[in-house]
Every structure is written in C-alpha cells, then in structure tokens.
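Note sheet for the following structure.
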Amino acid sequence: MEQLTLHPIPRLAGTVKLPGSKSISNRTLLLAALADGPTLVRELLDSDDIRRMLEALATLGVKVEQQGDSRDFLVHGTGGAFAVKDADLFLGNAGTAFRPLTAALALMQGNYHLHGVPRMHERPIGDLVDALRVAGADIRYLGNDGYPPLQIHPASISAGKIIPVKGNVSSQFLTALLMALPLTGESVTIEVVGELISKPYIEITLNLMARFGVTVQRDGWQRFTIAAGQRYRAPGEIHVEGDASSASYFLAAGALAGGPVRVEGVGRSSIQGDVKFADALALMGAEISMGDNWIEARAPQGGLNAIDVDLNHIPDAAMTIAVAALAAKGTTTIRNVESWRVKETDRLAAMATELRKVGASVVETQDSISITPPATLTANAEIDTYDDHRMAMCFSLVALLGTPVIINDPKCVAKTFPDYFEVLGKLAAN
Ligand SMILES: O=C(O)C1=C[C@@H](OP(=O)(O)O)[C@@H](O)[C@H](O)C1
Ligand SMILES: C=C(OP(=O)(O)O)C(=O)O
C-alpha cells in the first residue's frame, strides 16, 4: 500500500484556487442532461465522483463534449428522456451520482442496473426506493434489502399525489426526488417524514433547479410542491463554484499554521452550506474574513479554543473540525453527526480510531465525538484512511501542528480532489 509521509509544516500562508464543487458539478450535469437544449457547464470538477456521472450519462446516450483541454463541458439536453433504455451503470462510491440517477431512471420506462463499489452496497438507499415505489416505480434489490445494487424495471408512474420520504439518513434522497419528479409533468408534493438532516444541500438542489426553470413551492423543510407542466430548460451556461468542503482543509491550515490562507472560488455569495465551516472555525478563535468569492483564515494570537457544536448542517466539513480540535485548548465536541456512520466509511469509528493514534482522548457516541488533545502529539502515526478522501485530507493537518504524520493510501483523495497533496505542498513551499 502506498504511504505518504508529511513532514512538519511550521508556517503556511498563501492562496488556493479551489477545484469545482462536487455537489454542484453532479447536480448540474444531471439537470443539463434532462433539460431541453444545450448547457455549457463551466469549471466542472475533475474527480472520480464526477467521472462516474459523466460515464453514466455517456452510457445513457447523453452527448457531453469537453471544450478542448478545459473543464468546460457542453451537455446536450435530452428533453427529459434518455435514448438508451437498457443499461448497466457502475457508479463507484458517488452518492451524488447514485441517488439522483436512481430517481431519474426509475421514472423513465427502461431497464437499468445500478451498482457501485462494495462500500456503496453498504450505504442505505431504502428510504429513496420506498418513496419512488409510492410513485409507482418498479425497483428491485439485487443484494440486501434497502441497499444497492438495484435493478430498475419499466413501470407505470403516477406522481400526482403526496410522496412521503424520510430525511434522517441522507438528504440526498429528497434531493433525488426533487430533481427527478418534474419529469412526470404532474403536480406532486413531497412530504418529509420526521427530521431532515444536512439541510443546506437541499438549498443547492432548489437553487440549481430554479436556474433550469423549475420552481418548487415549499413549506419550510416539511413539504415541497412541484406544479404540473414544468420542464427543465437549459439556462445557457452554469459556472461551477469552488468546493466549499475542500476549502475547509486550507482554511483550517491557515487557522493552525499562521496564515493567512485564502481560498478562491467560494465566499459570501456561495450556494453551498459548507461555507458555514468558516463560522465554526471563527468560534474556535480563528480570524476569518470573507468576500463574495473568497474566504481567508489566520491563526489567532493565543491559539484555538475548544468548542461544543451541533454540525448536522455541515457533515463533510465537520470532519475538519475534529482534526483542528487537536490544536484547541480543552475538549471539542461535535454533535448530531450520526450520518457519518453511513458515508465513505463509518466516519465516527474511523475518526475516533485515528485521532487516538496521534494521542488524543476520544469519546464516541452513536451521533457525536469529543476530542481532547494530548500534551504532545504522537509523531509519525500511520493514519488509515478507509478509502475515505476526507480522512486523508483532514489528517494531513497534523503536519501543520508540527508533527510528522504518515497517510496510508493517499490516492483515495481522488474521489473529490485528486491533486490535494500537490496543492497543499505548493502552499507549504510558499
Ligand atoms: O447532496 C449532496 O451533494 C451531499 C449531501 C451530503 O450527504 P447527506 O445528505 O447524506 O448527509 C454530503 O455529505 C455529501 O457529501 C454531498
Ligand atoms: C459523503 C460524501 O460523499 P457522497 O456524495 O458519496 O455521499 C463526501 O464527499 O463526504
């Protein structure tokens, strides 16, 4: 197995241009593929999760043309029906490809086999399948009930009713329904049953749907109504913002190792909830400034303080807080992140195990984690990354605390940020 040794990085300052947002890239590709007419998608993220969506669309007969060597792609919309009616789709471990494609294809009168890596087959999808079955979809489980792989069959769809969906396992199920149900042309109300987690991701979905001409009437986070007869219309061009979750590693770096570190590509005008990571970092004492399209972080004079926070709204960037806690005075508690258990790995268990390797005292509950840093961090800890890009990226921050660290299987960052370590290295060389 490949290993990467990161030597201590005593001071870090500079500017990083962020890669495109994963959440916006995959939503935009699908909406553009479903729209009437062509859409130019600018600055698409280049990573495994996006490749899975691009490959799936190609298999489904959607024409997508890369513009030279750029990250600009012209997507030829299909008007809401893919030409290929029988397909086998491998979607890796990309939740933002698997869940929305399941919903869209379930409404399309074809035979589709959707599968992924072994971990994807352990990530739940039952709440989405249950909701789609209420609309008449014919979806069968090929392995364990409630989990991929799935086989979709042609079915008679009638969405003109209330579709209930549970939102306490993943917000991606509601996102998938919202994006797909306009394809029926009927009026439909989606009713969230119980609690909805990761709410800001729904705002990304609604924002992009609106740019493609479909508006949703909402009653808070409980009911979402799509009026009859709406179609996705190509908006001409969509520019993909920088990835706010990827920004978290560099902002934390600025807060830990002097700074200022500035990220470009997200800021005050971002539609991504993960920009709120900056608020959590500020709560720890970091000095944050923000413009429309940039955020900057620097270390406070007296070092960071521990915090006790509910980070349900930013589950991905919350992992970065867990590692930044190693530099904070006191015990940091991150609450309401049970969804960590069903992501790329069981992130609560993985985080607890690996933080202990660097010497932290950790208390893990079903939905929270408390971290108390040691007096001296353990040098050269070998961090296992569990094929989880975010484990690799957030544990790189240990090097910014003056402690060498070894990252096992560093290439797992390819899911969302293939050249993460090169970008970090360049910043460190400034
Ligand atoms: O909709 C999205 O783009 C995402 C939603 C979140 O998932 P959950 O809703 O499952 O928490 C997040 O963790 C994931 O990385 C991306
Ligand atoms: C949870 C994540 O990914 P996915 O889109 O596969 O759910 C993530 O990127 O942290």
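Ligands are counted one by one from 1 in listed order, and the atoms in each one are counted from 1 as well. Keep in mind that what you see is a predicted model, and the values were worked out from it rather than measured.
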Atom 1 (O) of ligand 1 sits nearest the protein heavy atom R27 NH2, 2.7 Å

Distance alone, cut at 3.5 Å: any donor-acceptor contact between the side chains of N408 and Q3?
yes

T175 N/O under 3.5 Å from ligand 1 N/O:
no

From the options S171, A318, P100, select the one whose nearest heavy atom is closest to atom 9 (O) of ligand 1.
S171

Looking only at heavy atoms, what is the nearest atom pair of S269 and E241, with distance?
O-OE2, 4.1 Å

So, regarding A94 and ligand 2 (criterion: nitrogen or oxygen to nitrogen or oxygen, under 3.5 Å), is there a contact or not?
no

Considering non-hydrogen atoms of the protein only, which is the closest contact for atom 12 (C) of ligand 1, and what is the distance?
D316 OD2, 3.4 Å

Check ligand 2 against R347 and write out every atom of the ligand that is under 4.0 Å from a heavy-atom position of the residue.
1 (C), 8 (C), 10 (O)

Passing option when L6 is tested against P410, S396, P404 for side chain to side chain contact (heavy atoms under 4.5 Å, CB included)
S396

Please test H115 against F90 for ring-ring contact (aromatic ring centres under 6.0 Å, His included), starting from the C-alpha separation and ending with a verdict.
CA-CA 5 Å; H115 56 110; F90 172 73; 5.7 Å; yes

For the pair R218 and E203, find out whether any cationic side-chain nitrogen is under 4.0 Å from an anionic carboxylate oxygen.
yes

Ligand-side contact atoms (ligand 2) for residue partner N93, heavy atom cut-off under 4.0 Å:
6 (O)

Applying the side chain to side chain contact (heavy atoms under 4.5 Å, CB included) criterion to I295, which one of V263, L18, L281 satisfies it?
V263

Heavy-atom distances under 4.0 Å decide this one: backbone, side chain, both or neither, for R119 against ligand 2?
neither

Lys/Arg N to Asp/Glu carboxylate O, D138 vs R133, below 4.0 Å
no

Residue and atom name of the nearest protein heavy atom (relative to atom 5 (O) of ligand 2), distance in Å to one decimal:
K22 NZ, 2.8 Å

Go through the steps to decide whether Y112 and F82 satisfy the test ring-ring contact (aromatic ring centres under 6.0 Å, His included), and finish with yes or no.
CA-CA 12 Å; Y112 301 106; F82 297 145; 7.9 Å; no

Check for me whether R99 has a heavy atom closer than 4.0 Å to any atom of ligand 1.
no

Looking only at protein heavy atoms, identify the closest one to atom 10 (O) of ligand 2 and say how far it is in Å.
R390 NE, 2.6 Å

To the nearest 0.1 Å, how far is atom 10 (O) of ligand 1 from its closest protein heavy atom, and which atom is that?
S170 OG, 2.6 Å

Side chain or backbone of R52 under 4.0 Å from ligand 2, or both, or neither, by non-hydrogen atoms?
neither

Please report whether ligand 2 has a polar contact with H389, defined as an N or O pair separated by less than 3.5 Å (distance criterion only).
yes

Taking NZ, NE, NH1 and NH2 as the nitrogens, is one of them in D308 or R335 under 4.0 Å from a carboxylate oxygen of the other?
yes

Would you mind checking which non-hydrogen protein atom is closest to atom 7 (O) of ligand 2, with the distance to 0.1 Å?
R123 NH2, 2.7 Å

Which atoms from ligand 1 have a heavy atom of S198 less than 4.0 Å away?
8 (P), 9 (O), 11 (O)

Salt-bridged, R390 to D316, with N to O below 4.0 Å?
yes

With atoms numbered from 1 as shown, which atoms in ligand 2 lie under 4.0 angstrom from a non-hydrogen atom of T96?
5 (O)

Test side chain to side chain contact (heavy atoms under 4.5 Å, CB included), reference P315, set S339, S170, S171, output is S339

Would you say T96 has any N or O atom under 3.5 Å from an N or O of ligand 1, going by distance alone?
no

Which of the numbered atoms in ligand 1 are below 4.0 angstrom from a heavy atom of S23?
2 (C), 3 (O), 16 (C)

Taking D388 first and then K343, would you say they form a salt bridge - that is, a charged N and a carboxylate O separated by under 4.0 Å?
no

Y141 and Y147: aromatic ring centres closer than 6.0 Å?
no

Just to confirm my output: which protein heavy-atom neighbour is closest to atom 1 (C) of ligand 2, and how far is it?
E344 OE1, 3.2 Å

Sole candidate of V323, T416, L424 that passes side chain to side chain contact (heavy atoms under 4.5 Å, CB included) when paired with M393:
T416

For atom 8 (P) of ligand 1, the closest protein heavy atom turns out to be K343 NZ, 3.1 Å

Considering only heavy atoms, does D316 approach ligand 2 within less than 4.0 Å through its side chain, its backbone, both, or neither?
side chain

Would you say M319 touches ligand 2, if touching means a heavy atom closer than 4.0 Å?
no

